[in-house]
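A, B, ... follow the sequence lines: proteins, then strands. Residue 1 opens every chain. Predicted model, so just to flag it, every value in this text is computed and none were measured.
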Number of protein chains: 2
Amino acid sequence: MNIYDVSEKAGVSIATVSRVINGNPNVSEKTKQKVLDVMEEIGYTPNVFARGLGLNTMKTIGIMCSDSSDPFLANAVYYIERELRKNGYDSFLCCTGYELKNKQNYLNLLLSKRVDAVILVGSSFLEFNKKDNGYIINAAKEVPVMMINGYLNNPGIYCTLCDDYQSTYDAAVHFISQDKKDILYLYTSKSYSGIQKMNGYKAAVSEHLGKVNEDLIQICPGNMTASKELLLLLSKGGLKFSAVIAAEDILGVGAIKYAKEAKLTIPDELSIIGYNNSLLATCCDPELTSIDNHVETLSISTVSNLMRVLNGENVPNKITISNDLIIRNTTDFTI
Amino acid sequence: MNIYDVSEKAGVSIATVSRVINGNPNVSEKTKQKVLDVMEEIGYTPNVFARGLGLNTMKTIGIMCSDSSDPFLANAVYYIERELRKNGYDSFLCCTGYELKNKQNYLNLLLSKRVDAVILVGSSFLEFNKKDNGYIINAAKEVPVMMINGYLNNPGIYCTLCDDYQSTYDAAVHFISQDKKDILYLYTSKSYSGIQKMNGYKAAVSEHLGKVNEDLIQICPGNMTASKELLLLLSKGGLKFSAVIAAEDILGVGAIKYAKEAKLTIPDELSIIGYNNSLLATCCDPELTSIDNHVETLSISTVSNLMRVLNGENVPNKITISNDLIIRNTTDFTI
DNA sequence: TTGTACGCGTTATCAA
DNA sequence: TTGATAACGCGTACAA
């Protein structure tokens, strides 16, 4: 059931069949109908390999994401996939994990599969050591590379970011204006996003309070128990803090658990802000005030930019989308 | 940079280059090295289209999942992807949503992309109306179809299931043996899994208590607030229940919130069991006893069976994996 | 051990 | 409006 079978049954040449398939207007209505009927009848499907062989494209985008079980990334992947489909593109998904070598392998794999572009989801694709980003920069020489929450200023790389710096800056300023000056900052990852967030916090503190107390900046594994235990430990060690800004909701939930164990009232004795506005934020008790980074907008914007790039249009290298603070019961903001 | 360029530079024929690429032993070590060197030098990558055209396979598996932002499904996709990669296969991911028509379109799309097999993740791929499953049965005539948490007894379809019937049966029996006889069953979906779970509950109740009280079986949208509100309403309406079995963790969390609002102690006045043992179960307070359905095992088993199928081995049509009850603080089980 | 030549199913160019 | 044919890059049967 290939184009030859169709052409034979329809009594036309394969060229005509190809024209019908591709919507070429230079076919008489009558011939066109005949061909369509035959295709329907024998259940013909074009062979993507043969097509790809000539065109060297399969209308397919490679998506890389470090961990699809991370709710933020999973949501992003979901929206990206949906938007791509709307535009007639399919996608390859690769869950790369966090090791550089794997990321490199997967990116090469995608290129060898002749994807039309690559989307890197999440800031874990930027390495500390700048040289280690070479594989991304090289890939961008072959196909467009879109990054979500990562930023590289190189030709062929287009970045869509959320304004993590500003959100933690604002969050810290909120606390400070409530006279909560000893704000603990809790984070898990030193990814691009992670650093932006931390810088926002630091900027707010140093601008409004003078010096940043490095003891109030703590790294912590990305699970609830670790977060709770760390806070208990810090508190036992004599560290004072009346507010927590957590770079992930799950760390914020840990802070809630800590407050309960330490018999602190929320939000009076301890205020908490989480990050991502994930499901977790409404499941805990009290519910967690959290920063919403608009995954859907981020994803839609990325795909729409990609379409413009593939279309040869001129697209800015960097687009930043602002975040929202979703106020719940772990703070007494009114705003 | 195709096989001809390599053959020219290396001073051999394309056949020899092809042999080197495919690890054919009939090449002298010397020639082989020369070819490998040239490939390295000019950065040659085989063209998958040309290769696929001849072999009619691209070593690619299509994965369908209704919603990759569902934590259970996201985890499954993650593990499946990892296992496929280990076996040298890539994957196309399709997030289909819940509409039949979309599912059909996506499945056809995958077939037209010439995937080597299809994996359907999650029980939402089985329709109520049996005729509506025809598209799956048809697809199985072309390529192997693997189902996770769905069951169709047809040639070419291989199902891996978790024993949802048994888990809710056991959960209900646990409650009954504690003299908690008015067990509310809360569910969201009438998928294959959903029905298995409900049947387990019903069987336990009717075997140990006689008649099933249909008022104690309630459907509820899959979010926390809906669950809480529903329980408040039922309770106001005079319905008595001292235990809740929730078909999703999120519904269980809603039940916790309800208990707090109704000033019921947990687990004494109200015991709760959730389902999936997701992150949510440890984020709420008290932490939620939940049924763990072993996503990872489910995924590994599915991929390993698929490999055997592709290898022409004989594989059973149905494999069932048992669940675990993870005991936390919303029950006073000791076991 | 190596090379030649054909087939895979399309798209696109050119001629009719 | 239609048809014949080259080109796409690879695997492989067959010949050397």
Taking the inter-plane angle between the rings of B/F92 and A/F92 on a 0 to 90° scale, is it parallel (under 30°), tilted (30 to 60°) or perpendicular (over 60°)? parallel
Taking DNA chain C as the partner, which of residues 24-37 of chain A come within under 4.0 angstrom of it by heavy atom? none
Tell me whether A/E8 at atom CD has more than 12 heavy atoms from other residues, nucleotides or ligands lying less than 6.0 Å away. no
If we count only N and O atoms by modelled type, under 3.5 Å, do the side chains of A/S189 and A/S191 hold a donor and an acceptor together? yes
Distance check: side-chain N/O of A/T16 vs OP1/OP2 of D/dG3, anything under 4.0 Å? yes
Taking atom P of D/dC10 as reference, at what distance in whole Å does atom CE of B/M39 sit? 11 Å
Quick one: bend of the helix from C/dT1-D/dA16 to C/dA16-D/dT1 from 5 pairs per end, to 10°? 40°
Salt bridge check, B/E81 against B/R85: does any charged N sit closer than 4.0 Å to a carboxylate O? yes
Indicate whether any N or O donor in one side chain lies under 3.5 Å from an N or O acceptor in the other, for B/N138 and B/K141. yes
Please write out the pairs of protein N or O atoms and N or O atoms of nucleotides 10-13 of chain C separated by less than 3.5 Å, giving the distance to one decimal.
residue	atom	partner	partner atom	Å
C/dT10	OP1	A/Y44	OH	2.7
C/dT10	OP1	A/N47	N	3.0
C/dT10	OP2	A/I3	N	2.6
C/dT10	O5'	A/Y44	OH	3.2
C/dT11	OP1	A/N22	OD1	3.1
C/dT11	OP1	A/N22	ND2	3.0
C/dT11	OP1	A/R51	NE	3.0
C/dT11	OP1	A/R51	NH2	3.0
C/dT11	OP2	A/S18	OG	2.6
C/dT11	OP2	A/N22	ND2	3.2

Check this for me: A/K9, atom NZ, are more than 12 non-hydrogen atoms of other residues, nucleotides or ligands nearer than 6.0 Å? no
Check this for me: A/K32, atom NZ, are more than 12 non-hydrogen atoms of other residues, nucleotides or ligands nearer than 6.0 Å? no
Side chain to side chain, B/N149 and B/L298, heavy atoms closer than 4.5 Å: yes
So that I can tick it off, tell me whether A/K59 and A/D90 are bridged by a salt bridge, with the cut-off set at under 4.0 angstrom between side-chain N and carboxylate O. no
NA contact type, B/V12, heavy-atom cut-off 4.0 Å: base, sugar-phosphate, or nothing? sugar-phosphate
Could you tell me if the side chain of A/V143 sits less than 4.5 Å from the side chain of A/V118, heavy atoms only? yes
